[in-house]
Amino acid sequence: MKLQALREEVLDANLELVRRGLVLYTWGNASGIDRQQGIMAIKPSGVPYETMKASDMVLVDLDGRIVDGALKPSSDLATHLILYREFSGVGGVAHTHSRCATAWAQSGREIPCYGTTHADYFHGPVVATPPLSDAEIEGDYEANTGDVIVRRFKGIDPMSCPAVLVAGHAPFAWGKTAAEAAYHAVVLEEVANLALQTMAVNANAKPISQAMADKHFFRKHGASATYGQQKH
Ligand SMILES: [Zn+2]
């Protein structure tokens, strides 16, 4: 089967979102891309997770043409495509309506960096998009959702904030692979939950200092990262 490993990874990323309690029913989708071939694999639309197979994943090129697959791709395909086209470091995308991150998205508020759990993965707040206009909603809605994300990241490295809160909707997360995108969706949900609880304990809680935010993010990311075991 064409791109078997990618299909398997994308299937597993989708199942991981369910295992971690981020997706109810079919309210989510994950995809991954083979950059060399310019082909992405995405979850099919509306297929129950219990019976989903790697062969059900739909292969699509970056123009949205189906390369292989008998099923209809996820309805959020156009959003995924734009993220792959515009964010060259992205190799996987995960979309969920996970409870706490969606609460922040519905509020239209970015998640402040209240602690090091957040800072280990997101350098600065988890940003939120502005609401879509009526014309954007009535037009090519899913593509316009991708465009509003891309506009929000003008001047921000998408790999320094591997998730976004789409106002009035829910989060999209991404990573170097489909597995990492799902992982970041899980981390985002935990960070969103911690932020809600931080505000419940102290409504005037302040973000951590820039020095603390920098220390934690750059311990794990970039040229001077020291976290984990040395690679030989
Ligand atoms: Zn959605």
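Read the numbers this way: they start at 1 and go in the same order the structure lists the ligands and their atoms.
- Protein N/O/S atoms found under 2.8 Å from the Zn ion (ligand 1), listed by chain and residue number: H95 NE2, H97 NE2, H169 NE2.
- K220 and Y121 form a side-chain donor-acceptor contact under 3.5 Å, judged by distance and modelled atom types alone.
- Residues R219 and D120 form a side-chain contact, since some pair of their non-hydrogen atoms from C-beta on lies under 4.5 Å apart.
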TODO: Test K2 against L59 for side-chain contact (heavy atoms from CB on, under 4.5 Å), laying out the working first.
DONE: CA-CA 9 Å; K2 202 172 164 72; L59 300 187; 4.0 Å; yes
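- For H97 and H169, the ring centers are positioned less than 6.0 Å apart.
- At most 12 heavy atoms of other shown residues, nucleotides or ligands fall within 6.0 angstrom of atom NZ in K72.
- Proximity of V126 to L188: side-chain heavy atoms (C-beta onward) are separated by under 4.5 Å at one or more points.
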